Amino acid sequence: AQSVAQPEDQVNVAEGNPLTVKCTYSVSGNPYLFWYVQYPNRGLQFLLKYITGDNLVKGSYGFEAEFNKSQTSFHLKKPSALVSDSALYFCAVRRPNTNAGKSTFGDGTTLTVKP
Amino acid sequence: KAGVTQTPRYLIKTRGQQVTLSCSPISGHRSVSWYQQTPGQGLQFLFEYFSETQRNKGNFPGRFSGRQFSNSRSEMNVSTLELGDSALYLCASSLDTDIYEQYFGPGTRLTVT
């Protein structure tokens with residue numbers, strides 16, 4: 001079985017400050033990890049993924065995430081938050097050699113960036 | 001490249017009716033997955049189709065069904081609608097290799113009254 005936990009339902013940061021959205025996972029073997037963002041009344045948009053290689057992954061809109069195998073975490077980060085980053089963020093995990101339908105999504109974290 | 005499209009975007013139905021939602025994946029994507037999103041339950045996986053075959057299924061009752069056509073377009077059907085079926089239904093397409101991410105459509109907002 002596999003699972004994803006996003007321990008914070010809500011994260012609030014001030015514009016210009018660094019932001020972190022947390023994700024921990026449980027899966028047998030090596031994980032494939034993904035971050036998606038959802039703006040109001042929209043579908044999810046892919047931000048970045050970790051498949052293999054460098055533990056620090058860079059993605060769209062200045063976001064990055066660090067894969068930490070010992071802590072089974074894949075936290076999403078951005079050095080300087082923008083008000084336009086306010087949205088709902090989802091972390092997802094999948095085992096290698098499985099297809100998209102085998103992805104498990106977290107419950108989501110609402111990020112609010114205040115001016 | 002055009003993104004994933006879903007029709008209709010909004011739908012209002014009455015309890016007991018049935019509904020059909022449509023999804024057109026990104027060109028070249030043969031995997032199509034459907035999800036139900038509600039405030040209380042988050043993102044729940046319904047089913048995944050690949051090459052007209054259902055290859056994964058979530059824990060939903062048999063009232064929820066789907067199919068995929070030879071051009072990879074997919075439909076999902078919900079029969080005998082219940083109030084609890086009110087949700088945003090998302091479709092996602094993907095290339096068929098495990099390393100690839102999913103691309104989501106804007107969703108169909110279904111309201112059951």
Side-chain angles (χ1 to χ4, degrees), chain A residues 1-10 23 27 29-53 57-60 63 65 67 74 76 87-110, chain B residues 3-7 9-10 21 23-26 29-51 53-60 66 68 72 74 87-109:
Chain A
Q2 61 192 34
S3 64
V4 172
Q6 294 181 240
E8 300 161 316
D9 290 337
Q10 180 105 23
C23 171
V27 69
N30 294 319
Y32 289 168
L33 294 156
F34 304 81
W35 274 104
Y36 294 86
V37 60
Q38 185 179 31
Y39 297 101
N41 299 315
R42 303 284 296 276
L44 280 67
Q45 295 178 33
F46 168 71
L47 277 178
L48 51 78
K49 64 184 176 184
Y50 172 81
I51 301 301
T52 188
V57 178
K58 293 188 184 296
S60 306
F63 284 95
F67 170 61
F74 189 56
L76 182 70
L88 181 59
Y89 290 80
F90 289 94
C91 179
V93 68
R94 185 194 305 169
R95 285 186 293 114
N97 300 312
T98 61
N99 43 52
K102 292 291 191 181
S103 299
T104 298
F105 285 80
D107 289 337
T109 297
T110 299
Chain B
V4 178
T5 59
Q6 291 187 247
T7 56
R9 290 292 311 276
Y10 302 91
L21 312 182
C23 171
S24 293
I26 290 173
H29 289 191
R30 292 192 294 169
S31 167
V32 174
S33 298
W34 287 90
Y35 296 85
Q36 181 194 65
Q37 186 178 23
T38 59
Q41 297 295 318
L43 208 61
Q44 302 289 314
F45 172 70
L46 281 155
F47 26 66
E48 180 191 12
Y49 285 87
F50 177 77
S51 290
T53 301
Q54 186 184 94
R55 63 180 182 181
N56 289 299
K57 189 177 189 305
N59 295 322
F60 277 81
Q68 187 179 34
S72 293
S74 178
L88 181 66
Y89 290 88
L90 294 166
C91 166
S93 74
S94 174
L95 289 167
D96 187 43
T97 305
D98 56 356
I99 65 171
Y100 286 103
E101 60 276 10
Q102 293 174 286
Y103 290 85
F104 286 77
T108 295
R109 172 74 64 185

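Just so it is clear, the structure is predicted and the values come from calculations on it, not from any experiment. Reminder, nothing fancy here: chain letters follow the sequence lines and each chain counts from 1.
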Legend entry - Any donor-acceptor pair under 3.5 Å from A/Tyr36 side chain to B/Glu101 backbone: no
Inset, instruction - Work out which heavy atom in B/Gln102 is nearest to a heavy atom in A/Phe105; give both atom names and the distance. - result: OE1-CZ, 3.6 Å
Inset, instruction - Please look at A/Leu44 and chain B and tell me whether the side chain, the backbone, both or neither of the residue comes under 4.5 angstrom of a heavy atom of that chain. - result: both
Legend entry - Minimum side-chain heavy-atom gap A/Gln38-B/Leu43 below 4.5 Å: no
Legend entry - Top of A/Lys102, A/Gln45, A/Arg42 for chain B proximity - count of heavy-atom pairs under 4.5 angstrom: A/Lys102
Inset, instruction - Side chain from CB out, backbone as N, CA, C, O: work out which of these in B/Leu46 comes under 4.5 Å of a heavy atom of chain A, or both, or neither. - result: neither
Inset, instruction - Could you tell me which of B/Gly42, B/Gly3, B/Pro106 has the largest number of non-hydrogen atom pairs under 4.5 Å with chain A? - result: B/Pro106
Legend entry - Check: B/Tyr100 and A/Lys49 side chains under 4.5 Å, non-hydrogen atoms: yes
Legend entry - Heavy-atom contact with chain A under 4.5 Å, split by part of B/Gln37: side chain
Inset, instruction - Quick one: closest heavy-atom pair of A/Asn41 and B/Arg9, and the distance? - result: O-NH2, 3.5 Å
Inset, instruction - Taking atom CG of B/Asn56 as the centre, report whether more than 12 heavy atoms of other residues, nucleotides or ligands fall under 6.0 Å from it. - result: yes
